[in-house]
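Okay, structure first, notes after.
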Amino acid sequence: MMASDDFGELRSLLQRSPSRVRFHDVLGLFDEFSQAQCEQRMLYALQQLERWPDAVRACPQERLEELENDKVVWTPLVRHLDYEHQYLNDRRFNKLLDNQHLRHITNLNLKASRFSWDNLLALAKRAPFDRLEGFAMRKSSSSGADKTAIEELFHSEMLAELRHLSFEGWSGIKPYVYTLTANAPFLGTLESLDLSGCKVSLKRFKELVSSTELKNLESFRMTYQNQNASMGRMRALAEATHLTSLRELDFADFEPGELVALSRAEHFGGLRSLRLALIDSLSAQDPDMDDDAIITFCQTSIIIQLESLALDMNLLESATLETLVRAPAMQSLRHLSIRSRAYTNWGLHRPDGPEYKGHLAALCASDLLSRLRSLHLHNLAMAPDELRSLVCSRHVASLEELSLGEHAFSEEHVAALLESAHLDKLHTLLITNVALSIEGFLELVSAENLTGLRELRLPRIRWKNHGDDQTIAQMIEANEMPGRTLFSPLRSGWSVLLQP
């Protein structure tokens, strides 16, 4: 056994809990090794990484092109190629297909690349990957899908044992694509299916979910259809009695009656995570139908094992939320997200009427809050005194993550947070609308009652005083914030990592 310092560091990293950050640290060590050292340590690293999830073993975004051109020594360690935020042009795409050292890749995400159907056919015929477990892509052309390309792809050897499939934004594809999906050889091994943003007729949807080959499906997502999308899909899903393995469901655009049908589907009793968005009661001209459907839903047995619930962009009264948070069947719930909406005759407006003020009151008074580990509240116009009522409630003592959105977060909100004596376990705070000065920001990141806080996520813009954003950006880049702070940029703002 080698006893050098660099091997000791490698061994220490590989024996710790898996994460992408630690995996990237492992790759960094191989960058520093000599060729002989790489050869000596590669087998050991591969053996130790067998227990790490493939999704963690991702190539760093900034080094994807080096890997495509075969210019890194650690290629055999990588299992996941993620192009969700990086466009893959024709030149790079062909380099990827020509790299025969990528046979071991098991997860490929091409969501940022909208290449031609010819390229999709090339992927099916020339891809170097032996077996993909996960494949994700977006719509590849403004015209309908090429049947030959899709059929070749779905019947390719690399997808023969596919477990995770994601199509996004396929609003203009031909109906036969769903027929091909319903008859794909990999359907029997599929564990998760993501059709977010896809517009599909009820007939084709029924054809897809009625396939008994989907008996192993554990996760299904179909969010945000185009306008005028046909209803009835959730009812069809409720009638698919072979989907007994389903544990996660993320669904949008359905009528209240369909939710009632879902709540009676006893074969979904194993659900652990559920997100319901955009219940379409507007077409029925009866907003109360949202509330009736939710009340019926929270009194049924299929939610007994539910650990995560998200209600997004629905018309809910405070009394409905009160019924929900006090429902005996919610005993297992640990993660709750609420994003309300309100409508006038002219469209969407901020839900700051008196009927929304009771949302927080019902939650603060419930025992459910004491069991929650994460709470996301969006589109609720939360005044400082309401935030104070929430964070000063003894029930928040178990909260580890809190997300606040829509209402401008001001110095008064900071003061409310500082009054809480129950946020010791809070490690993540997300704020999507900031109206703070630098002084307010510094007060927040140095709060003595938030000793467990490790990450603070903030938007990049809309600071209270002109020039504050630039000043804070300079402090972040120079890492000159006082005390226990370290900063890194996000695509939509700042991630403030607070050190012990």
Side-chain angles (χ1 to χ4, degrees), residues 1-113 123 126-137 157-159 161-164 486 488-491 495 497:
M1 179 68 68
M2 291 167 289
S4 61
D5 291 342
D6 52 63
F7 178 75
E9 188 176 357
L10 175 64
R11 181 172 55 187
S12 175
L13 281 172
L14 292 173
Q15 290 177 351
R16 298 173 70 183
S17 58
S19 73
R20 283 200 179 189
V21 173
R22 290 200 177 106
F23 181 68
H24 293 171
D25 289 340
V26 170
L27 302 186
L29 286 178
F30 273 86
D31 283 329
E32 298 173 3
F33 293 157
S34 66
Q35 183 175 350
Q37 288 175 321
C38 284
E39 293 173 355
Q40 292 171 341
R41 291 156 175 76
M42 183 63 71
L43 180 59
Y44 172 78
L46 286 169
Q47 291 173 339
Q48 296 300 311
L49 287 170
E50 282 296 317
R51 66 181 183 86
W52 288 41
D54 285 359
V56 168
R57 299 169 64 176
C59 177
Q61 289 277 312
E62 68 277 8
R63 306 199 64 181
L64 281 167
E65 194 161 3
E66 290 181 73
L67 181 137
E68 295 157 20
N69 291 299
D70 210 13
K71 292 184 177 180
V72 292
V73 297
W74 36 256
T75 298
L77 303 178
V78 175
R79 294 292 179 270
H80 189 115
L81 300 183
D82 188 352
Y83 291 93
E84 183 161 3
H85 304 297
Q86 191 169 142
Y87 180 71
L88 194 64
N89 60 30
D90 285 349
R91 178 186 61 80
R92 292 182 60 187
F93 178 70
N94 282 298
K95 281 282 189 181
L96 182 69
L97 297 188
D98 290 337
N99 190 334
Q100 295 303 309
H101 293 150
L102 299 179
R103 301 174 63 87
H104 51 273
I105 295 298
T106 60
N107 289 270
L108 179 64
N109 185 339
L110 296 174
K111 287 185 180 179
S113 302
L123 177 68
R126 294 172 46 206
F129 320 115
D130 284 340
R131 285 286 191 274
L132 288 182
E133 294 182 1
F135 179 64
M137 63 179 294
E157 282 296 316
M158 70 174 176
L159 298 189
E161 299 175 6
L162 194 67
R163 295 168 56 194
H164 311 285
L486 174 68
S488 62
L490 294 176
R491 290 170 64 85
S495 173
L497 304 178

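- In this structure the side chain of Val56 never reaches within 4.5 angstrom of the side chain of Arg22, judged on heavy atoms.
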side-chain contact (heavy atoms from CB on, under 4.5 Å) between Cys38 and Trp74, intermediate numbers included: CA-CA 8 Å; Cys38 284; Trp74 36 256; over 6 Å; no
Residue pair Leu110, Phe135: steps toward the side-chain contact (heavy atoms from CB on, under 4.5 Å) verdict: CA-CA 8 Å; Leu110 296 174; Phe135 179 64; 4.0 Å; yes
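- Arg163 and Glu133 are joined by a salt bridge, as a carboxylate oxygen and a charged side-chain nitrogen come within less than 4.0 angstrom of each other.
- No donor-acceptor pair closer than 3.5 Å links the side chain of Arg91 to the backbone N or O of Leu88.
- Taken from OG1 in Thr106 to CG in Leu81, the straight-line distance is 9.0 Å, to the nearest 0.5 Å.
- Atoms CG and CG, from Leu77 and Leu14 in turn, are 8.5 Å apart once rounded to the nearest 0.5 Å.
- Here the straight-line distance linking atom CZ of Phe33 with atom CE of Met42 works out to 9.5 Å at 0.5 Å rounding.
- Asp82 meets the side-chain hydrogen bond (donor to acceptor under 3.5 Å, both in side chains) test with Asn109; sequence neighbours excluded.
- Nearest heavy atom pair, residue Met158 against residue Phe129, reads CB-O, 3.5 Å.
- Of the inter-residue distances, the one linking Asp54 atom CG with His80 atom NE2 reads 9.5 Å to the nearest 0.5 angstrom.
- Between the side chain of Arg131 and the main chain of Glu157, a donor-acceptor pair closer than 3.5 Å is present.
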Derivation and outcome, side-chain contact (heavy atoms from CB on, under 4.5 Å), residues Leu67 and Leu102: CA-CA 9 Å; Leu67 181 137; Leu102 299 179; 3.6 Å; yes
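- Here the CG atom belonging to Leu13 is positioned 11.5 Å from the CZ atom belonging to Phe23, to the nearest 0.5 angstrom.
- For the side chain to side chain contact (heavy atoms under 4.5 Å, CB included) test with Lys111, the passing option among Met137, Gln86, Glu84, His85 is Glu84; the others fail.
- Although no hydrogens or angles enter the test, the distance criterion places a donor-acceptor pair under 3.5 Å between the side chain of Arg20 and the main chain of Ala55.
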Stepwise side-chain hydrogen bond (donor to acceptor under 3.5 Å, both in side chains) test for Asn107 and Arg57: CA-CA 10 Å; Asn107 289 270; Arg57 299 169 64 176; over 6 Å; no
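- The 12-atom threshold is exceeded at CD of Gln100, counting heavy atoms of other residues, nucleotides or ligands nearer than 6.0 Å.
- Shortest non-hydrogen contact noted between Pro128 and Leu97 is CD-O, 3.7 Å.
- With rounding to the nearest 0.5 angstrom, the CG atom of Leu27 is 7.5 Å from the CZ atom of Arg63.
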Derivation of the salt bridge (charged side-chain N to carboxylate O under 4.0 Å, His left out) call for Arg92 and Glu68: CA-CA 7 Å; Arg92 292 182 60 187; Glu68 295 157 20; 2.6 Å; yes
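- Checking side-chain atoms of His104 against main-chain N and O of Asp130 turns up no donor-acceptor pair under 3.5 Å.
- Side chain of Asp70 to backbone of Asn99: no donor-acceptor contact under 3.5 angstrom is found.
- Phe7 is not listed as a side-chain neighbour of Gln40, based on a closest heavy-atom distance of 4.5 Å or more.
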